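Before any comments, here is the structure.
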Amino acid sequence: MFHSIEKQVSRAFHTHIQIRYGIDLAVGIEQPRQSEFGEMAVPAAFQLAKQLRQAPRKIAAELVEEIGLIAGVAAMEVAGNGYINIRLDRGAYGTALRRSDSASVPVPGEKIIVEHTNINPNKAAHIGHLRNAALGDTFVRMLRACGYRVEVQNYIDNTGVQVADVVAGFHYLENKTLADVRALLEDPAIRFDYYCWDLYARTSSYYNDHPEALAWRRETLHAMESGEGDVAELAHVISDAIVKAHLATMLRLDVEYDVLPRESEILHLQFWSAAFELLKQRKAIYFETEGKHAGCWVMPGLSEEGKVIVRSDGTVVYTGKDIAYQLWKFGLLGKDFFYRPWYTYADGRVLWVTTDQPADSGQQFGHGTRVYNVIDTRQSYLQDVVEAGLRALGYEAQADQSIHFNYEMVALSPRCCADLGIPLSEEDRKRPYVEVSGRKGLGVKADDLMDSLIAKALEEVASRHAEAPAGEQRRVATQIAIGALRYFLLKFTRNSVIAFDLQEALSFEGETGPYVQYAAVRAQKILDKLIERGETMPDFAAELSSEAMTRQLASEEVWQMLLAASKTGAAVERAVAAGEPAHVARYAFQLAQTFSNFYQQHPILIEENREKKVLLLWMTEFFRRQLERIASILGIQIPIYM
RNA sequence: GGGCGCGUAGCUCAGGUGGAUAGAGCAUCAGCCUUCUAAGCUGAGGGUCGCUGGUUCGAGUCCAGCCGCGCCUACCA
């Protein structure tokens, strides 16, 4: 709502300035610092001052005089030394809000692919992975809220070194057979992903002490690549089981996917050979005959020596496979996967996985017009290589639409390490944070963290609602815990390193998910109480005429609250443009703050002035809707009570 | 050495394309539960926006140079 008026005002100024002065000016709309200045401020006069060689104030006066009235605007005035402040027609604004369902405008023709999560399927997920998934999933929700068609891919690297190391751990270190591992999977007393977490750390440490054991890795990788024999089968059994565990972990956070493209199919369906042919044909890579890269296929440009894409032994590096995958996402590879169903979500939506067995699934994935890869910032160089690859192949447009949605790592605060009993060196204790390491088994497992959060929330819920059924308490506690976790992971901007602190993450006060949920719960409670008291919801259309709106919204304080609540759409659109889920989180918090304030200052049910009561009830309902909407974009549910 | 990022209140962080008096949470202190849930609300204190220079009507924001910190810079992924 607010956004569309902003656009109208901007357009009106732009058109007038073009006609009057012949200048094509991008007219920005600002939010005045102080609300007394109105709802919008236009600094256009400052920008024109230089070109016109006139005082900003004089130009501003001219503009105000000549533009005249804009729909929805009550007044424009010159302020300071050249600002144009705009006041909205409050009655008209309120009435428009009451009528509109603020439906988003669908953006047709564009299909956006978002790839996120991408956890190596060799051990349980940790908090770093949760940041990736929370960012990716929230961005998907933001895009969908703006009307975009989005496909969510979770890439499974089931043939990589990390899986090989766990396979080697079972095979060589523990002397376990395929049957042994299958039995382990059946054992209800064992959490397989946790077991692998420890085994991976043990195997890595064994490599450290016995470098000759690295031969295990080579042999395992070789066996996996051939796709034949027990070791290859073992790798599949392990990675499939871990993928299942990861999906279950992510489902706790309400994170869902459309398709799981797997590296094994990229291999078996010869995606790389197709990409390799393309790269050679178009001379995007060359065969090096001398120097330290002799015998390799190299992509020039990025670093001084170029980047090796194919090793001298003929095997392709990870980046090469990534180029093939990126080409496929844009529908440029000329090859496709086959698909089979992997899982059905509660709402009936099917999650597909790639397969190399020809099957007519009727599914079509990929063919995006824009691709977001949610990958941590340490892999920027690799992502640059992928983009450079597209460019070298002549796919400039697709390279421009390949977006590395990067984010900083999640590390552990020294205090958190102490809480978890992780020993630290003298040096580490002085650092602001300590990096997590899967190899060392250092980190916080995602499910453990969620369990602690739920337990803590449950204590709180039980003490407040002792009479409620246990199952219900647990559901509410879970919603609160997940809300807290998602908000915590989203409130930092992407390029900020999160120094994870257990005590801070477990907090339910202040700028947190539960604060947002609490506001929505209170709003709902007012509406429930109204019915309990035997009253009925007023017919807002009948009781809130435009005149009534104007009268009631004359109250500066009430008006400001309504205004703040009406900016949800604008906030989400801005956040999408900035690629920053943290902006949505911040807006949600501010919205909740505004409502808490409103709640405190206006006892609604006992309000005696009927017109005012109706307005307050309508606003409560509006706030509730907006809070629920913004929370759902953050992937946060609203409990029935708190 | 090169590339990317960061440096804002005691701590953790926000600060649309440069704009009006630099914000929030936590922590600290002082208030508010016989009134729709106190996971809440009100108020107070707390700042040389790393340093220096430049661009201009105007710089936390843009440019340059320093200082400090982090990540990347593999024929690992």
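Since this is a predicted model, take the numbers as computed values, not measurements. All chains are named by letter (A, B, ...) in the order of the sequence lines, taking the proteins before the strands, and each is independently numbered beginning at 1.
Here A:Phe139 and A:Phe405 bring their ring centres to under 6.0 angstrom of each other.
Within 4.0 Å of A:Val27, counting heavy atoms only, lies no atom of the nucleic acid at all. Using a 4.0 Å heavy-atom cutoff across all strands shown, A:Asp384 reaches no nucleic acid atom at all. Among the protein residues, A:Tyr433 comes within range of the sugar-phosphate backbone only, with heavy atoms under 4.0 Å from sugar or phosphate atoms but none that close to a base. Among the heavy atoms of the strands, none lies under 4.0 Å from A:Leu527. A:Lys292 comes within 4.0 angstrom of a base, heavy atoms only. Residue-level contact check: A:Val521 touches the bases, meaning some heavy atom is under 4.0 Å from a base atom.
Between A:Tyr515 and B:A24 there is no side-chain polar atom (N or O) within less than 4.0 angstrom of OP1 or OP2. Within the 4.0 Å cut-off from OP1 or OP2 of B:U37, at least one side-chain nitrogen or oxygen of A:Lys529 is found. Contact check, A:Arg378 against B:G5: no side-chain N or O comes under 4.0 Å of OP1 or OP2. Distances shorter than 4.0 Å separate some side-chain N or O of A:Gln593 from OP1 or OP2 on B:G25. Within the structure, a side-chain polar atom (N or O) of A:Asn597 is placed less than 4.0 Å from OP1 or OP2 of B:U42. Not one side-chain nitrogen or oxygen of A:Arg464 sits closer than 4.0 Å to the OP1 or OP2 atom of B:U37. When the side-chain nitrogen and oxygen atoms of A:His583 are compared with OP1 and OP2 of B:G15, one or more of them lie within a distance under 4.0 Å. Checking the phosphate oxygens (OP1, OP2) of B:A77, no side-chain nitrogen or oxygen of A:Tyr318 falls inside 4.0 Å.
For A:Gln600, taking side-chain heavy atoms from C-beta onward, the closest of the listed nucleotides B:A20, B:C41, B:C13 is B:C41. Ranking B:G25, B:A14, B:C36 by closeness to the A:Ile526 side chain, first place goes to B:C36.
Between A:Phe623 and A:Phe598, the two ring planes are tilted [angle within 30° to 60°].
A cation-pi arrangement is absent between A:Arg494 and A:Tyr407, since the terminal nitrogen or guanidinium carbon is not both under 6.0 Å from the aromatic centre and inside a 45° cone about the axis.
A:Tyr487 and A:Glu511 are linked by a side-chain donor-acceptor pair at a separation below 3.5 angstrom, with hydrogens and angles left out of the test.
One can place CG of A:Leu605 at 8 Å from P of B:U37, the figure rounded to the nearest angstrom. One atom, CD of A:Gln601, and another, C1' of B:G40, lie 13 Å apart when rounded to the nearest Å. Here the P atom of nucleotide B:G16 and the NE2 atom of A:His3 are 16 Å apart, to the nearest Å.
For the side chain to side chain contact (heavy atoms under 4.5 Å, CB included) test, residues two or more places apart in sequence or in another chain that qualify with A:Ile23 are A:Ile17, A:Tyr21, A:Leu25, A:Leu48, A:Gln51, A:Leu52.
To the nearest 0.5 Å, atoms OG1 (A:Thr138) and CG (A:Leu490) are separated by 4.0 Å.
B:G1: Watson-Crick or G-U partner is B:U73, with both key distances under 3.5 Å. The partner of B:U61, taking Watson-Crick or G-U wobble pairs whose two distances both stay under 3.5 Å, does not exist in any strand shown.
Here the separation of B:G23 from B:G45, taken at their P atoms, is 13 Å to the nearest Å.
Stacking is not found between A:Tyr381 and the pyrimidine-like six-membered ring of the B:G3 base under the 5.5 Å centre-distance and 30° plane-angle cut-offs.
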